[in-house]
Amino acid sequence: MNIEESIRTVIAKNLDAATIDWLDQQSEQIKKEEGSSTFVKTFSQIPRKLFKEKSLIETGDIAFLSGFVKNWSPKDWTIVRLVRVWIIMQVKDNNSETYQKKFDLLFDNAEMNELSALYSALPFFDYPEIWKDRCAEGIRSNIGTVLEAIMYENPYPRNYLDEDAWNQLVMKAFFTSKDMLRITGLYERNNLKLANILRDFAKERQSAGRPVPEHLQELAEKFNES
Amino acid sequence: MCSNHNDRNENQERIVLSADLSSVNGMRFFDPHVHMSSRTTDDYQAMADAGIVGLIEPAFWLGQPRTGLDSFRDYYSSLVGWERFRSSQFGIKHYCTIGLNSREANNERLAEQVMEILPLFIYKEGVVGVGEIGFDDQTAAEEKYYRLQLELAKEAEMPVQIHTPHRDKKKGTQRSMDIAIEHGIDPNMVIIDHNNEETVKEVLDRGFWAAFTIYPFTKMGNERMVEIVKQYGAQKIMVNSAADWGISDPLAVPKTAALMLTKGISREEIELVTYSNAIRAFAQSGQIELSDLVAISPINQSEKFEGNTILRGGQQPRVDKSSLIIS
């Protein structure tokens, strides 16, 4: 079983038969379509189809799904988000540029929850290298749930962001008081440049009489400029 | 403060910065028409304190004309994106209506393009109607795009939020209703807004929802609103603030509730007019979950707060505005 099949299994547990049928029908069309209209429409409609469904994924299922992808977990995901990510997995294209274009409309016009779902799906897009700029753009967002979707239990930034973009992610996380231990790769991706920025930031906080965020000193001390 | 100079005292009224809403402490309010994009976080904080648990922001114009499609698209995006999030930071559920407003319908070249992107937004989560649409000057172009959007609302099975013109209001309101009926729209799906003493009777008689904008100087006042409720009852009547860039008050709904209490209107009627009628009308979109609103506990204003208390579970820390200190 792969991650897509495992997600489908969990979805099937949570939805009624009619909705699953509809999803499967949409999925068939999405796999075949040249453009993205079915995909976009389906993606946006998920909350309407699942309107009564407000729950988060059950703990047991979270553990089950996490086993399929390294450093990943759908810990805070709603069923709606899980379905949306599964739908994203149905999009196919032989050409990386046309593939990426299929998602442009959604990213540009996304509603708050749609946007969070899209960024949650970063580890599952095909042609992973082409999503680096989108990821960096997402880190610039002020919408808290979007930042969390990128940062928490999401291996994409750890695996693909270049050093400067990674450093921006960590700084943004400290600035917006994120739960640092949930950031995948926080210790593995630590680097000298970041350590210097963090050291300066700690001094800035101390001069201002403000608290230095937890874990910041620890990261800064791992590299000492000699 | 300056109470030593008697002659000054006689001529100057002391400006009181906030109204006493303690009589409506614990009540929940819903403002179905407020342009939060034009308001600051101070307003959001005040609204949360006053018991507003949900609101609807209609798509409107920005005070000067947009010149390109992207401006419309980015604005619609902000209504379902950033503004929705900003509102959630204060524990207020933010819904919106999406549409091409009457003023900008007059730019036909642009209007045509906007019509094409409306379907991208009206089916999104939390979009509770097509609005605010209708007439401004009552031109042919306005009529054209009003009709087209009525059809869109009908196809999408969404409520319609209608802005009635401020100039030639009586005729404009009648025309808006006539055209809605002509297109086969169920009046129960239509909220006619910015009513006054001259429009209310026909709007109610013809089965539409009647919304009233409590807005200083230019629109409805709430003492007059009390009289309207006394005359027509509370059925299918709702109030809103339509607070925007102009001189307006985002606390109009709770203030109206408090005023109504002093004037002898029953709590049941107040609740209809400042909360449940609006929800019922727009919940026909299928996008309002009452449990979401009920889950928000109104702030107990008698509770003391410290400089940085976090309200409503993990949202914005409170700033003490009475202090000179900002830190």
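Worth knowing before you read on, the calculation uses all heavy atoms, side chains too, and leaves out hydrogens, waters and symmetry mates.
- Interface residue B:Asp292: only side-chain heavy atoms are found under 4.5 Å from chain A.
- Taking A:Arg210, A:Gln45, A:Glu114 one by one and counting their heavy-atom pairs under 4.5 Å with chain B, the maximum is reached by A:Glu114.
- Judged by distance alone, with hydrogens and angles left aside, the side-chain atoms of A:Ser44 form no donor-acceptor pair with the main-chain N or O of B:Leu120 at under 3.5 Å.
- Around atom CG of A:Asn95, more than 12 heavy atoms belonging to other residues, nucleotides or ligands sit under 6.0 Å away.
- With a 4.5 angstrom heavy-atom cutoff, A:Leu105 touches chain B only via side-chain atoms.
- To the nearest 0.5 Å, atoms CZ (B:Phe85) and OG (A:Ser141) are separated by 8.0 Å.
- At most 12 non-hydrogen atoms from other residues, nucleotides or ligands lie less than 6.0 angstrom from CD1 of B:Ile326.
- Atom CD of A:Glu214 is surrounded by 12 or fewer heavy atoms from other residues, nucleotides or ligands within 6.0 Å.
- Taking a 6.0 Å sphere around NZ of A:Lys41, one finds it holds 12 or fewer heavy atoms contributed by other residues, nucleotides or ligands.
- Within the 4.5 Å cutoff, the side chain of A:Asn109 has no heavy atoms near those of the B:Tyr76 side chain.
- Residue A:Glu4 qualifies as enclosed at atom CD: its count of foreign heavy atoms under 6.0 Å is above 12.
- Tested against A:Arg48, the residues B:Lys124, B:Gln287, B:Glu125 include a single side chain to side chain contact (heavy atoms under 4.5 Å, CB included) partner, B:Gln287.
- Heavy-atom contacts from other residues, nucleotides or ligands closer than 6.0 Å to NZ of A:Lys92 number more than 12.
- The minimum heavy-atom distance linking B:Trp82 with A:Asn142 is given by the pair CZ3-CB, 3.3 Å.
- Heavy atoms of A:Ile143 lying under 4.5 Å from chain B belong to its backbone as well as its side chain.
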